[in-house]
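Scroll down for the structure; my scribbles are underneath it.
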Amino acid sequence: MLEELRELWRFRYLLQMLVARELKVRYKNSFLGFAWSIVPPALSVIVITYCVKGALGVGVHNYSAYLLCGIIPWTFFSTAVLDTSQSLLVNYGVIKKVYLPREVIPIAIVISNFVHFVLGWVVYFSAFLVLFPIIHRINPHFDLVGTPLLPRMAWFPFIVLAELILVTGFSLWSAALNMFYEDVKFILQTLFSLVYFVLPILYIADVVRYSGLMRDRPWLYNLYMLNPVPAVITAFRAALLEPAMPQEFNKSLAALHPTPTSVPVPPMVYLGAFLISAFIAWSGYAYFNSCKWRFVERS
Amino acid sequence: MPPEPEECAAIEVQHLTKEFRIHHRGSIKQAFLRRLGGKDHIEPFTALNDITFSVPHGQTLAVVGRNGSGKSTLLGLLARVYKPTSGSVRLAAPGGGPPRVAPLLELGAGFHHELTGLENIGFYGALLGMNAKQLRERTEAIVEFAELTQKVDTPLYGWNDGAKLRLGFSIAVHTDPDILLVDEVLAVGDEAFQNKCYRLIAELQANQKTILFVSHDLAVVERVAQRILWLNQGVIEMDGSVAEVLAAYRAASV
C-alpha cells in the first residue's frame with residue numbers, strides 16, 4: 001500500500017489537472033459559472049425559511065441552519081459517490097491505453113466535489129454568522145436569524161476531514177465495483193433516494209432518538225449513530241448550532257418530555273463512527289488496488 | 001560473445017505471457033447465477049505465449065499480424081496498461097534508467113469535448129507525463145505543429161476529426177518520448193499533414209528515438225519500419241528485416 005501511495009504522489013500533477021478539468025467542465029457553458037456552487041444552497045435557505053418551515057410546523061428558530069447542516073454534507077457524500085461510480089467508464093478510453101495509477105480518476109472526482117462542499121460551507125458561514133445577524137439588527141421582522149459564534153466550532157475542520165475520509169472510501173468502493181457490476185449505479189441511486197428520509201437530514205437525530213423503536217433503547221440509537229453518515233451530520237450540528245429540542249421539530253414528541261441533553265451522542269460513538277469511516281477508506285483503497293489491473297481486461 | 005543485450009536495449013521482453021480471464025461485465029444477478037450454476041470457472045485465453053525479443057535504442061519496429069494475434073495486447077503490456085501473467089518487460093532510456101514512454105491514443109480518448117484545445121493540451125500533456133513547466137514551454141510548438149492557430153481557443157465539439165487527430169499526435173510527439181508506442185495511427189490527417197508526420201518520424205529516428213508501432217497498412221510498414229515482428233496467435237511467427245518478413249507475411253496472407 002505504501003508503494004501505491006508513493007506512486008499516487010508521483011502523479012500529483014496529473015491529479016491536479018484532472019481536478020481542474022472536472023471543475024471547468026461542470027460549469028463550462030453556464031452564464032453564472034462557479035456561482036452555481038453557491039446559488040442552490042443560498043436559494044434553499046430562503047425557500048426553507050419562508051415555505052418549508054411553516055408548512056411542516058417546525059418551531060425551531062433556525063430551521064434552515066439545521067437543514068443545511070444536513071443537506072451540505074449529504075450532497076457531498078451522495079454526489080461524489082454516484083459520480084465516481086461512473087468515472088472509470090467515462091475515462092475507459094484513457095485507462096485502456098495509458099499507464100496511470102487508476103485511483104487518480106475517482107480521487108479527482110472526490111476532490112472536485114469537495115471543492116463544492118467547501119464553497120457550500122462558505123455560503124453557510126457568511127449567511128448565518130455575518131449576513132443574517134446584520135439583517136436581523138436592521139429589521140427583526142425578516143425571519144432571517146443568524147447563529148451565535150461558538151467555541152466548539154473549532155471541531156469543524158476535523159469533522160470536514162472525517163467526512164472527506166468517508167467519502168473517499170465509499171467512492172473507491174463504488175468506482176471499483178461498478179466496473180464489474182452495472183447494477184451498482186442503480187442500487188446507489190435507489191438507496192440514496194430512500195435513505196434521504198431515514199437519515200437525520202430533514203430533522204435532527206434527537207427526533208429519531210425519541211420516536212418509535214429507539215425510545216427505550218439507547219443502545220439502538222448508539223448503533224444507528226455508528227453509521228458514519230448520521231454521525232457526521234449530527235457532529236456538524238453539534239459543533240455549529242445551539243442544541244435544539246426534539247419537540248421543536250415534531251410537536252407530538254413533547255408529550256414524552258425529552259430531556260434537554262445538548263449532545264445526545266456519546267463521544268465514544270463518534271470515535272466508533274470515525275474508525276468505521278477510516279476502515280471503509282482503507283478497505284476501499286485496498287480493494288481498488290487489488291482489482292485495478294482487471295478493469296481493462298474485460299469484454 | 002556480443003555484449004549483453006539487456007545493457008543497451010530500449011525494450012527488453014523476456015518470456016512474456018499474457019492470459020486473460022475474460023470477465024464479462026454484467027449484472028449482479030448474472031454473477032450470482034454463474035456462481036450458483038458452478039460455472040464460475042472462466043477459461044483463460046492466452047493472448048501472448050512466451051514472447052521474447054528486444055529492441056535496441058533508435059530502432060523502429062513494426063508489429064504485424066492478423067486480428068487477434070496479440071498485437072494490441074503486446075502494446076498494452078509495453079504501455080503498462082496490463083500486468084504480465086508471467087515473464088517480464090523492461091523499458092529503458094538511452095542512458096539506462098526509466099524512459100519517457102508516449103502512447104498515441106485513439107481518436108477522442110483523453111480529450112474532453114466541452115473544453116478548448118488549449119485546455120485539452122494541459123490535461124492530455126499531463127496524462128502523457130509532462131509537467132507544468134514543460135507544458136508551458138511546448139504549448140506553442142504543439143499548436144503550431146498541429147496547424148490549429150485560432151481554433152485552439154474553441155471547444156473541441158466544433159472540430160473535425162482531422163484536427164483532433166493532429167492535436168493528439170502533436171501532443172504525443174512533443175512529450176519528447178524515448179519510446180513511442182503507436183497503435184495504427186502513425187500518420188494522421190490529410191496527405192500534406194501525413195507527409196509532415198513522416199518527416200517528424202524520420203527526425204525522431206535520426207535522434208535515436210525508439211518507435212514500436214502496430215499496423216495493418218503494409219505500405220506504411222515498408223516505408224517506416226527498420227525491422228518487423230510478425231505475431232500469429234500469440235507467438236512470434238517471424239522476426240527479421242523488413243523485406244524478408246514482409247515477403248513471407250504477404251505470401252501467408254494470400
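Every value quoted in this text rests on a predicted model; they were computed, and no experiment measured them. Atom set for the values below is all heavy atoms of this structure, side chains included, hydrogens, waters and symmetry mates excluded. Protein chains get the first letters and strands the later ones, always in sequence-line order, with residue 1 at the start of each.
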* Atom CD of A:Glu7 with >12 non-hydrogen neighbours under 6.0 angstrom -> yes
* Looking at CZ of A:Arg21 and CZ of B:Phe111, how far apart are the two atoms once the value is rounded to the nearest 0.5 Å? -> 10.5 Å
* CZ of B:Arg66: more than 12 outside heavy atoms within 6.0 angstrom? -> no
* **Region of B:Ala102 in contact with chain A, defined by heavy-atom distances below 4.5 Å** => neither
* Structure fact -> d(B:Leu128 CG, A:Leu14 CG) to nearest 0.5 Å is 9.5 Å
* Asked: Could you state the interatomic distance from CE (B:Met130) to CE (A:Met17), rounded to the nearest 0.5 Å?
  -> 10.0 Å
* Which heavy atom of B:Leu127 sits nearest a heavy atom of A:Val98, and at what distance? -> O-CG1, 3.7 Å
* Between A:Tyr13 and B:Leu135, does a side-chain contact (heavy atoms from CB on, under 4.5 Å) hold up when you go through it step by step? -> CA-CA 12 Å; A:Tyr13 180 63; B:Leu135 271 167; 3.3 Å; yes
* Does a side-chain heavy-atom distance below 4.5 Å link A:Ile95 with B:Val81? -> no
* Asked: Does atom CD of A:Glu3 have more than 12 heavy-atom neighbours, drawn from other residues, nucleotides or ligands, at distances under 6.0 Å?
  -> yes
* **A:Phe77 atom CZ: more than 12 heavy-atom contacts under 6.0 Å** => yes
* To do: Report, by ascending residue number, the residues of residues 99-110 of chain A in heavy-atom contact with chain B at a distance under 4.5 Å; give 'none' if the set is empty.
  => A:Tyr99, A:Leu100, A:Arg102
* **Nearest heavy atoms of B:Ala79 and A:Lys97, plus distance in Å** => CB-O, 3.7 Å
* Structure fact -> Output for pair (A:Glu22 CD, B:Phe123 CZ), nearest 0.5 Å, gives 8.5 Å
* Let me know if B:Leu78 has heavy atoms under 4.5 Å from chain A in its side chain, its backbone, both or neither. => neither
* Structure fact -> If you tally heavy-atom pairs under 4.5 Å between each of A:Phe11, A:Trp293, A:Phe186 and chain B, the highest tally belongs to A:Trp293
